[in-house]
**Student:** 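Here it is: the structure, laid out below.
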Amino acid sequence: MDVLIHLFVGLHIIGIAALLGGFLTQMKAMGQGTARFVPAMLHGALTMLVTGVALVGLNEAQSHHVDTVKIGVKLAVLIVILGLVYVKRDDEKVDKSLFGLVGLLTMVNIFIAVLWT
C-alpha cells in the first residue's frame, strides 16, 4: 500500500508541476495582456484533484492521521483554481488580474501543503 501512496504522491506533484508550469510559461504573455489558460493548467488541476482524493482515501484506509482542516482548505483553493481555469479555458485572452490570481492561488496551495504541519 505504501508503494501505491508514493505513486499517487508522485502523480500529485506532476499535476502541480503542470499547473504551475503552464502559469509560468504564460508570464511573458501576461505582461503583454495576452495570457491564456493553456490545457496543461486544466489537466494539472484535474490531476491534483483526482490524486489528492485518492491520497486521502488511501491514507484513511491505512489508519494514518489525515488533517481534515488542511485538506479542506487545499481542496477549496483547488476548486477555485479549477473553476477559473475551466470557465476561461477557451478564451483567447484572460485578464491579467484573473490570471495572476490563479498563479497566486497555486503557490498558496503549494505553501499550505509544505508549511502547514
Side-chain angles (χ1 to χ4, degrees):
M1 188 76 98
D2 285 337
V3 172
L4 193 57
I5 290 174
H6 292 310
L7 175 70
F8 277 102
V9 168
L11 291 172
H12 197 70
I13 292 170
I14 289 170
I16 194 75
L19 178 58
L20 186 61
F23 172 78
L24 292 175
T25 60
Q26 293 289 304
M27 287 290 291
K28 185 175 180 180
M30 186 175 97
Q32 299 168 347
T34 60
R36 59 184 296 267
F37 292 129
V38 294
M41 295 174 75
L42 178 62
H43 298 147
L46 287 170
T47 299
M48 288 176 58
L49 179 63
V50 170
T51 58
V53 169
L55 283 168
V56 170
L58 290 170
N59 279 295
E60 286 281 335
Q62 282 202 306
S63 299
H64 291 159
H65 171 71
V66 176
D67 188 345
T68 54
V69 175
K70 175 182 174 180
I71 299 302
V73 170
K74 285 181 54 55
L75 179 62
V77 171
L78 182 58
I79 293 295
V80 171
I81 292 169
L82 193 53
L84 291 171
V85 172
Y86 185 78
V87 168
K88 298 290 190 176
R89 72 187 183 281
D90 292 330
D91 292 1
E92 287 298 318
K93 291 190 283 187
V94 178
D95 185 53
K96 279 184 187 182
S97 60
L98 186 64
F99 193 79
L101 177 64
V102 169
L104 176 68
L105 289 174
T106 300
M107 288 185 268
V108 165
N109 220 355
I110 292 168
F111 285 118
I112 289 171
V114 173
L115 299 175
W116 188 333
T117 56

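Throughout, residue positions are numbered sequentially from 1 according to the sequence presented. Because only heavy atoms are used, hydrogens play no part in the values below, and waters and symmetry mates are left out as well, while side chains stay in.
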**Student:** Using a 6.0 Å cut-off, check whether atom NZ of K70 has over 12 heavy atoms from anything other than its own residue.
**Tutor:**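 Yes, because the 6.0 Å sphere around NZ of K70 holds more than 12 heavy atoms from other groups.
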
**Student:** What distance separates L20 CG from M41 CE, expressed to the nearest 0.5 Å?
**Tutor:**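 L20 atom CG to M41 atom CE measures 8.5 Å (nearest 0.5 Å).
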
**Student:** Are L46 and I79 joined in one hydrophobic group, where the rule is that I, L, V, M, F, W and Y side chains link up if heavy atoms are under 4.5 Å apart?
**Tutor:**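 Yes: a chain of side-chain contacts under 4.5 Å links L46 to I79.
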
**Student:** Roughly how far apart are D91 CG and R89 CZ, rounded to 0.5 Å?
**Tutor:**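 Rounded to the nearest 0.5 Å, the CG-CZ separation comes to 9.5 Å.
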
**Student:** Should R36 and K93 be marked as a side chain to side chain contact (heavy atoms under 4.5 Å, CB included) after you check the CA-CA gap, both sets of side-chain angles, and the distance that decides it?
**Tutor:** CA-CA 5 Å; R36 59 184 296 267; K93 291 190 283 187; over 6 Å; no

**Student:** Kindly say whether V94 contributes a backbone atom to a donor-acceptor pair with the side chain of K88 at under 3.5 angstrom?
**Tutor:**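 Flag not set: sc K88 to bb V94 has no pair under 3.5 Å.
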
**Student:** Taking all heavy atoms of I81 and all of L19, pick out the closest pair and write down the distance.
**Tutor:**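 Shortest heavy-atom contact: CG2-CD2, 3.9 Å.
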
**Student:** Would you say V80 and V77 make side-chain contact, with heavy atoms under 4.5 Å?
**Tutor:**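 Counting from C-beta outward, V80 and V77 never come under 4.5 Å.
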
**Student:** Quick check for you: to the nearest 0.5 Å, what is the distance between E60 atom CD and H65 atom NE2?
**Tutor:**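 Interatomic distance, E60 CD to H65 NE2, rounded to 0.5 Å: 9.5 Å.
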
**Student:** Heavy atoms only: give me the nearest F37-V102 pair and the separation to one decimal.
**Tutor:**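 Nearest heavy atoms, F37 then V102: CZ-CG2, 3.6 Å.
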
**Student:** Locate the shortest heavy-atom distance separating A18 from A40; write the atom from each residue and the value.
**Tutor:**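 In this case the closest contact between A18 and A40 is CB-O, 3.6 Å.
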
**Student:** Test of understanding: clusters of I, L, V, M, F, W, Y form through side-chain heavy atoms closer than 4.5 Å, transitively. Do L55 and M1 belong to the same one?
**Tutor:**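 Yes, L55 and M1 fall within the same hydrophobic cluster.
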
**Student:** Do you know which two heavy atoms are closest between L82 and A45, and how far apart they sit?
**Tutor:**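 For L82 and A45, the tightest heavy-atom pair comes out as CD1-CB, 3.5 Å.
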
**Student:** To check you understand the geometry: which heavy-atom pair defines the closest contact between L42 and Y86, and what is its length?
**Tutor:**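 Smallest interatomic distance, heavy atoms only, reads CD1-CD1, 4.1 Å.
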
**Student:** Using the rule that two of Ile, Leu, Val, Met, Phe, Trp, Tyr join whenever any of their side-chain heavy atoms come within less than 4.5 Å, decide whether L24 and I110 are in one cluster.
**Tutor:**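 Yes, it is one cluster - the side chains of L24 and I110 are joined through contacts under 4.5 Å.
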
**Student:** Between L58 and H64, does a side chain to side chain contact (heavy atoms under 4.5 Å, CB included) hold up when you go through it step by step?
**Tutor:** CA-CA 9 Å; L58 290 170; H64 291 159; over 6 Å; no

**Student:** Distance check, rounded to the nearest 0.5 Å: H12 atom NE2 versus L7 atom CG?
**Tutor:**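 These two atoms lie 13.0 Å from each other.
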
**Student:** Any heavy-atom pair between the side chains of W116 and D67 that's under 4.5 Å?
**Tutor:**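 SC-SC contact between D67 and W116 confirmed.
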
**Student:** For the side chain of N109 and the backbone of L105, is there at least one donor-acceptor N/O pair under 3.5 Å apart?
**Tutor:**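 Between the backbone of L105 and the side chain of N109 there is no qualifying donor-acceptor contact (under 3.5 Å).
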
**Student:** Roughly how far, to the nearest 0.5 Å, is the CZ atom of F111 from the NZ atom of K74?
**Tutor:**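 Going from NZ on K74 over to CZ on F111, the span is 12.0 Å.
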
**Student:** Within this structure, what is the CG-CD1 distance for the pair L78 and I71, rounded to the nearest 0.5 Å?
**Tutor:**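 Taking CG in L78 and CD1 in I71, the distance rounds to 11.0 Å.
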
**Student:** Run the side chain to side chain contact (heavy atoms under 4.5 Å, CB included) check on T106 and F23 step by step: do they pass?
**Tutor:** CA-CA 9 Å; T106 300; F23 172 78; 5.9 Å; no

**Student:** Minimum heavy-atom separation for A35 to Q26, with atom names?
**Tutor:**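 Closest approach of A35 to Q26: CA-OE1, 3.6 Å.
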
**Student:** Between V56 and I5, is there shared hydrophobic-cluster membership here, with clusters defined by ILVMFWY side-chain heavy atoms closer than 4.5 Å?
**Tutor:**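 As far as the 4.5 Å side-chain criterion goes, I5 and V56 are not connected within one cluster.
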
**Student:** Is it true that V50 and I13 fall in one hydrophobic cluster, defined by side-chain heavy atoms closer than 4.5 Å?
**Tutor:**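 V50 does not cluster with I13.
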
